[in-house]
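Read the structure below first, then the notes.
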Amino acid sequence: MGVVTDGFYKDYKKVNIEKNKIYTVNIEDMSDEGLGIGHIDGMAVFVKDTAPGDEAEVRIVKVKKNLCFGRLERIITPSSFRVEPFCPIAKQCGGCTLQHISYEKELEIKKNRVLNCFSRIGGIEEPEKYFEDVYGMKSPYHYRNKMQFPVGVRNDTSKGAFSCQTNTVLGFYAGRTHSLIPITSCKIGHGVNKAVISAVTKWADKCKISVYNEETGEGILRHVLTRVGYATGELMVCIVVNTKNVPELDKLVAQLSKEIDKYRAGGNNVKLKSVVMNINKERTNRILGDKTVLINGRDHIVDYIGDVKFQISAQSFYQVNPKQTEKLYSKALEYADLSGEEIVWDMYSGIGTISLFLAQNAKKVYGVEIVAQAIEDAKINAEINDITNVEFFVGKAEEVVPVWMENRIGEYDSNSSKLHKGVDVVVVDPPRKGCDEKLLETIVTMSPKRMVYVSCDPATLARDLKYLLANGFKLEKFAVYDQFSRTMHCETVALLTKG
Ligand code: SAH
């Protein structure tokens with residue numbers, strides 16, 4: 001890192017970037033939010049829809065103390081990494097921010113983001129030494145097994161552009177707003193969504209099902225949620241409604257069956273197994289309410305990750321990219337290096353996906369998760385797989401694990417210095433904010449032989465690694481997985497050992 005001199009600051013202060021003025025900017029990098037980053041006289045400028053390597057005319061829209069934001073006016077010289085966006089609403093939709101960049105470059109951006117965090121935040125020297133690979137998808141489309149579409153009414157601006165034939169429309173919100181962009185299909189969701197969108201909108205039109213209005217709180221249909229088991233082809237359609245008295249539900253099932261049969265006739269192995277209705281009467285941004293009612297079939301679908309079977313209901317948390325999840329979990333299992341004799345902790349266990357994966361090769365797996373319903377699902381999933389060597393706890397990992405440890409000291413050995421014999425492997429898979437420091441402290445005292453850290457945010461992973469490396473752990477290796485293709489998000493799995 002360069003030394004910032006007084007001279008630099010003097011020059012820097014002279015930078016006078018004017019709002020609304022157009023500047024020529026060379027885009028050098030990508031921000032964590034998927035904005036291109038360039039510089040004007042040393043000041044960083046963030047520009048949506050640009051790619052590293054672009055030379056562009058940029059209109060400044062916002063100037064802050066030491067950075068500014070611009071809007072792309074014109075590309076002067078396009079980056080060699082540019083590709084044609086695959087979706088007609090790429091610019092409006094708040095979804096895939098990297099559509100205009102080649103997939104190869106996307107993987108490189110993700111890899112570099114992790115490496116940067118490791119050196120900048122984690123203080124790890126030459127992180128490349130520990131880097132195994134970045135694992136992308138063969139085809140980064142149609143990977144999402146879960147979609148949630150808000151419902152709206154077609155207006156004049158949406159008429160021709162997206163060829164919606166119906167008055168009721170499903171779509172996505174434009175970035176950072178609640179204005180609905182109607183769609184007829186989505187390139188990152190399963191292909192069957194096209195049939196579902198068509199069926200639900202036709203049904204709503206024909207049966208005069210009103211559309212929920214966020215401002216007045218009136219109207220019935222709020223959202224449509226779909227889930228597909230990629231290994232089984234099982235489909236769930238869940239309509240989210242504002243009342244339990246929805247008319248003509250039999251016609252909804254008939255319309256769905258008809259459109260999905262048509263889709264199947266094209267050689268697609270999708271079966272409509274579950275139609276449910278979730279009731280959400282709250283005036284809130286939360287999509288799902290607490291109550292789900294069965295309309296037709298089962299209240300859940302079944303899917304597999306590897307050999308492990310999962311029951312997934314409308315409300316269950318489940319990884320959205322099943323193909324990549326299987327690869328990621330296989331790597332976590334490889335890093336855990338289990339022989340069948342180990343005591344393992346899976347912290348932030350969700351519905352037990354990693355726990356059950358590990359349990360097949362461990363003596364005993366303990367899981368802890370804050371959401372009680374997820375633990376209910378985890379127990380069902382253990383049962384339907386005949387896995388008996390797992391035990392799940394509901395609560396905050398940072399509260400449950402220390403108490404478990406204290407009890408364990410008495411149970412195993414009064415001499416706490418031998419405690420490491422208690423737990424062999426710890427796996428953590430926290431949400432974006434990373435692990436609680438209290439939990440990290442506990443893991444240090446647990447002193448497992450190996451720790452596998454699965455992370456969806458490289459910045460908090462790097463912060464936690466810094467703590468763990470300062471407290472006796474050693475980084476062995478890590479790999480990056482593209483779970484969320486065409487967006488800036490990625491997963492990292494790291495192996496640490498205790499000397
Ligand atoms: N390992 C699971 C879930 C990972 S997502 C899987 O792969 O499917 C992170 C999980 O951590 C979520 O299920 C969330 O509910 C849970 N969580 C968040 N804060 C927590 C805490 N303090 N203690 C335990 N679990 C927590």
Side-chain angles (χ1 to χ4, degrees), residues 143-146 227 229-231 286 288 300-301 303-306 308-313 315-333 335-336 344-360 362 365-382 385 387 390-405 425-443 446 451-458 460-461 463-464 479 481-484 489-494:
Y143 63 85
R144 273 192 77 98
N145 57 11
K146 174 180 162 186
R227 300 193 96 141
Y230 273 51
R286 245 181 73 199
L288 292 178
H300 64 269
I301 55 164
D303 196 25
Y304 285 85
I305 299 179
V308 186
K309 187 173 172 180
F310 293 95
Q311 269 190 21
I312 309 145
S313 62
Q315 268 136 318
S316 308
F317 172 87
Y318 189 60
Q319 295 280 356
V320 296
N321 185 336
K323 283 189 189 139
Q324 289 296 98
T325 298
E326 187 167 345
K327 291 191 209 165
L328 172 70
Y329 288 178
S330 301
K331 181 58 82 178
L333 191 62
Y335 281 2
V344 182
W345 259 99
D346 175 21
M347 299 169 185
Y348 307 89
S349 62
I351 58 164
T353 2
I354 297 180
S355 317
L356 299 177
F357 223 67
L358 298 171
Q360 297 166 308
V365 178
Y366 296 97
V368 59
E369 158 64 42
I370 199 166
V371 177
Q373 180 58 46
I375 290 293
E376 289 305 307
D377 287 344
K379 287 179 181 166
I380 293 171
N381 290 328
N385 288 286
I387 294 175
V390 287
E391 191 177 331
F392 293 104
F393 300 87
V394 180
K396 290 185 179 170
E398 60 272 24
E399 288 171 5
V400 170
V401 182
V403 173
W404 182 89
M405 282 289 288
V425 178
V426 167
V427 179
V428 295
D429 182 10
R432 284 200 196 142
K433 67 175 187 209
C435 293
D436 191 280
E437 193 167 328
K438 177 93 174 64
L439 181 69
L440 293 178
E441 261 173 43
T442 310
I443 294 172
M446 268 175 148
M451 175 174 181
V452 181
Y453 196 135
V454 181
S455 157
C456 53
D457 186 330
T460 54
L461 166 63
R463 177 203 66 201
D464 292 350
Y481 284 82
D482 181 30
Q483 296 275 97
F484 311 101
H489 300 291
C490 66
E491 294 269 322
T492 310
V493 51

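Just so you know, ligand 1 is whichever comes first in the structure, and atom 1 is the first atom listed for that ligand. Owing to the predicted nature of the structure, the values given are computational and were not obtained by experimental measurement.
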**Asked** When you look for protein heavy atoms under 4.0 Å from ligand 1, which residues do they belong to?
**Response** Phe317, Gln319, Tyr329, Tyr348, Ser349, Gly350, Thr353, Ile354, Glu369, Ile370, Val371, Gly395, Lys396, Ala397, Glu398, Asp429, Pro431

**Asked** Among Val426, Leu439, Asp436, whose side-chain contact (heavy atoms from CB on, under 4.5 Å) with Val401 holds?
**Response** Leu439

**Message:** Classify the ring geometry of Trp345 against Trp404: parallel below 30°, tilted from 30° to 60°, perpendicular beyond 60°.
**Reply:** perpendicular

**Request:** Would you mind reporting whether Arg432 and Thr460 have side-chain heavy atoms less than 4.5 Å apart?
**Result:** no

**Item:** Distance, nearest 0.5 Å, that separates OH of Tyr318 from NZ of Lys146
**Value:** 12.5 Å

**Asked** How far apart are the C-alpha atoms of Asp482 and Gln324, what are their side-chain angles, what is the distance that settles it, and do they pass the side-chain contact (heavy atoms from CB on, under 4.5 Å) test?
**Response** CA-CA 7 Å; Asp482 181 30; Gln324 289 296 98; 4.3 Å; yes

**Prompt:** How far does OG1 of Thr325 sit from CG of Asn145, to the nearest 0.5 angstrom?
**Reply:** 8.0 Å

